[in-house]
Amino acid sequence: FSHQWTAFDAPDHTGQQYQAMLKALKAIAIIKGYANLQDVWVWVDYSCIPQCNTSTQALAIRSLAPYASSACAFIVVAPTCHHKDLTSQC
């Protein structure tokens, strides 16, 4: 999963994107025929890409394309939602 940040200090301050991830994961599991979600491995950009060290973060971001090409699914989570720190929608 890759998702948009909805605040400058938190990746998903309302939990709206997490709910979208759950919905997408269940749909993909049905499509791929995975009967048990315990057998599914999930990669989430926020938890798998370093957030504090910008050099390491840049290296991890550059590895996204090779990783995505080997995954059975790559899901971008971008529901319409309000950004906490801006006056616009994400």
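Trp5 and Leu86 fall into different hydrophobic clusters, where Ile, Leu, Val, Met, Phe, Trp and Tyr are joined by side-chain heavy atoms under 4.5 Å apart, directly or via other members. In this structure, Leu59 is not a member of the same hydrophobic cluster as Ile61, with clusters built from ILVMFWY side-chain heavy atoms closer than 4.5 Å. Residues Ile28 and Leu37 share a hydrophobic cluster, clusters being chains of Ile/Leu/Val/Met/Phe/Trp/Tyr side chains in contact below 4.5 Å. By the criterion of side-chain heavy atoms lying less than 4.5 angstrom apart, applied directly or through intervening Ile, Leu, Val, Met, Phe, Trp or Tyr residues, Leu22 is not grouped with Ile75; the two fall into different hydrophobic clusters.
Residues Trp43 and Leu64 have side chains in contact (heavy-atom distance under 4.5 Å, counting atoms from C-beta outward). Inter-residue side-chain proximity for Ile49 and Gln51 is flagged as met; some heavy-atom pair is nearer than 4.5 Å. Between Trp41 and Cys72 there is no side-chain heavy-atom pair separated by less than 4.5 Å.
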List the steps, then state whether side-chain contact (heavy atoms from CB on, under 4.5 Å) holds for Cys52 with Gln57.
-> CA-CA 8 Å; Cys52 295; Gln57 183 183 52; over 6 Å; no
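In His13, the NE2 atom is crowded: over 12 heavy atoms of neighbouring residues, nucleotides or ligands sit closer than 6.0 Å.
No donor-acceptor pair under 3.5 Å is formed between the side chain of Gln17 and the backbone N or O of Gly15. For the pair Gln16 (side chain) and Thr80 (backbone), a donor-acceptor distance under 3.5 Å is present. Checked by atom type and distance alone, the side chain of Asp45 pairs as donor or acceptor with a backbone atom of His3 at under 3.5 Å.
Contacts of His83 classified as ring-ring contact (aromatic ring centres under 6.0 Å, His included), with partners at least two apart in sequence or in another chain: Phe8. Partners of Lys84 according to the side-chain hydrogen bond (donor to acceptor under 3.5 Å, both in side chains) rule, which considers only residues two or more places apart in sequence or in another chain, are Asp9.
When all heavy atoms are compared, the tightest approach of Asp12 to Tyr18 is OD2-N, 2.8 Å. Here the shortest heavy-atom pairing between Pro79 and Gln4 reads O-NE2, 2.9 Å.
To the nearest 0.5 Å, atoms OG (Ser88) and NE2 (His82) are separated by 9.5 Å.
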